[in-house]
Chemist: 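Once you've had a glance at the structure underneath, I'll fire off some questions.
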Amino acid sequence: MIRRGYTLVEMAAVLLLLLVMLTVAAVKLYPAGGAPSLEEHAAELREAVTGCRVRAITGGQEQSLSYHPGFRRWQWRGAGGREEELALPAGIEVVIAGKRPDPAAGPVTVFRIDAGGRIDAPPVILEQERRQLKITPSPATGAVRFGEPGEAGSGGRENAVEPLWLEAQ
């Protein structure tokens with residue numbers, strides 16, 4: 001007897017196999033539900049530090065950027081003096097001066113920027129699973145770099161923000 005088609009069971013099996021393959025491909029393309037990567041969070045933090053530096057220079061007043069471990073947020077005063085924050089994504093941990101901040105201790109001032117734009121900060125490392133990125137602001141030029149701890153040039157990769165050469169008003 002010659003068959004001229006597929007049974008419903010055969011079509012369902014092929015469809016199920018295709019769905020499994022698409023699911024595996026989607027998980028590979030979008031890991032952890034699309035959560036920001038270590039580099040993306042470091043770039044957002046770099047933008048916040050650079051913005052604080054611009055406000056310090058143009059406003060002629062010291063600025064600071066703090067980390068609040070209890071709420072897992074970076075906090076600073078933005079334009080117009082309003083409080084701004086950047087949430088720390090799940091799975092990323094912060095190490096400041098070699099220690100994890102105590103969540104019960106309250107905010108820790110990490111980046112202090114004087115009116116001339118000079119940045120004072122302890123070593124800051126972002127960790128995610130087995131990876132680490134060290135955030136390194138240049139005290140003199142204000143360039144903020146990030147890279148693997150121990151890399152030459154405090155980052156080494158093309159990830160530095162150009163220094164801002166602004167005069168205090």
Side-chain angles (χ1 to χ4, degrees), residues 30-169:
Y30 304 103
S37 72
L38 203 55
E39 285 84 2
E40 289 170 337
H41 185 69
E44 290 173 342
L45 181 59
R46 176 180 59 199
E47 287 178 28
V49 172
T50 303
C52 284
R53 183 169 185 266
V54 168
R55 281 187 296 284
I57 293 170
T58 58
Q61 292 184 342
E62 181 179 293
Q63 295 283 315
S64 64
L65 193 139
S66 302
Y67 175 64
H68 198 302
F71 295 111
R72 295 180 52 81
R73 296 190 182 288
W74 297 95
Q75 301 171 326
W76 67 95
R77 292 252 179 238
R82 71 177 185 272
E83 190 75 26
E84 293 190 31
E85 55 186 40
L86 172 64
L88 186 68
I92 296 179
E93 298 297 327
V94 176
V95 177
I96 301 168
K99 299 177 186 171
R100 292 184 193 278
D102 179 15
V108 177
T109 300
V110 180
F111 299 95
R112 211 177 284 282
I113 303 119
D114 68 19
R118 186 181 172 308
I119 300 174
D120 182 28
V124 177
I125 295 178
L126 300 177
E127 295 180 335
Q128 185 177 40
E129 295 175 4
R130 294 184 195 123
R131 296 193 52 233
Q132 293 184 333
L133 282 181
K134 183 176 182 182
I135 309 297
T136 309
S138 169
T141 66
V144 180
R145 302 177 186 276
F146 59 88
E148 303 293 328
E151 280 186 354
S154 303
R157 295 187 293 221
E158 296 296 320
N159 58 21
V161 170
E162 290 300 316
L164 300 170
W165 302 105
L166 301 174
E167 295 293 323
Q169 295 178 342

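All values below come from the heavy atoms of this structure, side chains included, with hydrogens, waters and symmetry mates left out.
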Chemist: What distance do Arg131 atom CZ and Glu148 atom CD have between them, rounded to the nearest 0.5 Å?
Modeler: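 Between atom CZ of Arg131 and atom CD of Glu148 there are 5.5 Å.
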Chemist: Look at the side chain of Arg53 and the backbone N and O of Gly117, then say whether any donor-acceptor pair between them is shorter than 3.5 Å.
Modeler: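 Yes.
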Chemist: Minimum heavy-atom separation for Leu88 and His41, please, with both atom names.
Modeler: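 Smallest heavy-atom distance, with atoms named: CD1-NE2, 3.3 Å.
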Chemist: Please report the interatomic distance CG(Leu45) to CZ(Phe111), rounded to the nearest 0.5 Å.
Modeler: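 If I round to the nearest 0.5 Å, the distance is 5.0 Å.
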Chemist: Within this structure, what is the CD1-CG distance for the pair Ile135 and Leu126, rounded to the nearest 0.5 Å?
Modeler: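 It comes to 4.5 Å.
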Chemist: Closest approach of Ser66 and Thr109, non-hydrogen atoms and distance?
Modeler: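 Closest approach of Ser66 to Thr109, heavy atoms only: OG-OG1, 3.4 Å.
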Chemist: Is a donor on one side and an acceptor on the other found under 3.5 Å between the side chain of Arg100 and the backbone of Pro69?
Modeler: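 Absent.
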Chemist: May I have the step-by-step check of side-chain contact (heavy atoms from CB on, under 4.5 Å) for Trp74 and Val110, ending in yes or no?
Modeler: CA-CA 9 Å; Trp74 297 95; Val110 180; 3.9 Å; yes
Chemist: Where the side chain of Arg72 meets the backbone of Pro103, is there a donor-acceptor pair that is under 3.5 Å apart?
Modeler: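 Pair absent, no side-chain N/O of Arg72 close to backbone of Pro103.
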Chemist: Evaluate whether atom CD of Glu62 has more than 12 neighbouring non-hydrogen atoms of other residues, nucleotides or ligands under 6.0 angstrom away.
Modeler: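 Atom CD in Glu62 is crowded, with more than 12 foreign heavy atoms closer than 6.0 Å.
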Chemist: Rounded to the nearest 0.5 Å, what separation is found between the CD atom of Glu47 and the SG atom of Cys52?
Modeler: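 Reported value, rounded in 0.5 Å steps: 12.0 Å.
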Chemist: I'd like to know whether Glu83 forms a salt bridge (Lys or Arg N to Asp or Glu O under 4.0 Å) with Arg77, so could you lay out the CA-CA distance, the side-chain angles of the two residues, the decisive distance to 0.1 Å, and finally the verdict.
Modeler: CA-CA 5 Å; Glu83 190 75 26; Arg77 292 252 179 238; 3.2 Å; yes
Chemist: Apply the side-chain contact (heavy atoms from CB on, under 4.5 Å) test between Ile119 and each candidate in Ile113, Leu65, Thr136; give the one that qualifies.
Modeler: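 For Ile119, the side-chain contact (heavy atoms from CB on, under 4.5 Å) test succeeds with only one of Ile113, Leu65, Thr136, which is Ile113.
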Chemist: State whether the number of non-hydrogen atoms from other residues, nucleotides or ligands found under 6.0 Å of Glu129 atom CD is greater than 12.
Modeler: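 At most 12 heavy atoms, drawn from other residues, nucleotides or ligands, come within 6.0 Å of this atom.
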Chemist: So, for Ser64 and Trp76, which heavy atoms are closest and what is the spacing to 0.1 Å?
Modeler: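 It is O-CB, 3.5 Å.
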Chemist: Say you draw a straight line from NE2 of His68 to CZ of Arg73; how long is it, rounded to the nearest 0.5 Å?
Modeler: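 Reported value, rounded in 0.5 Å steps: 10.5 Å.
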Chemist: Measuring from atom CD of Glu85 to atom CD of Gln75, what distance do you get when rounded to the nearest 0.5 angstrom?
Modeler: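 Between Glu85 CD and Gln75 CD, I get 6.0 Å after rounding to 0.5 Å.
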Chemist: Which heavy atom of Ser37 sits nearest a heavy atom of Gln128, and at what distance?
Modeler: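 Nearest pair, atom of Ser37 first, then Gln128: C-OE1, 4.1 Å.
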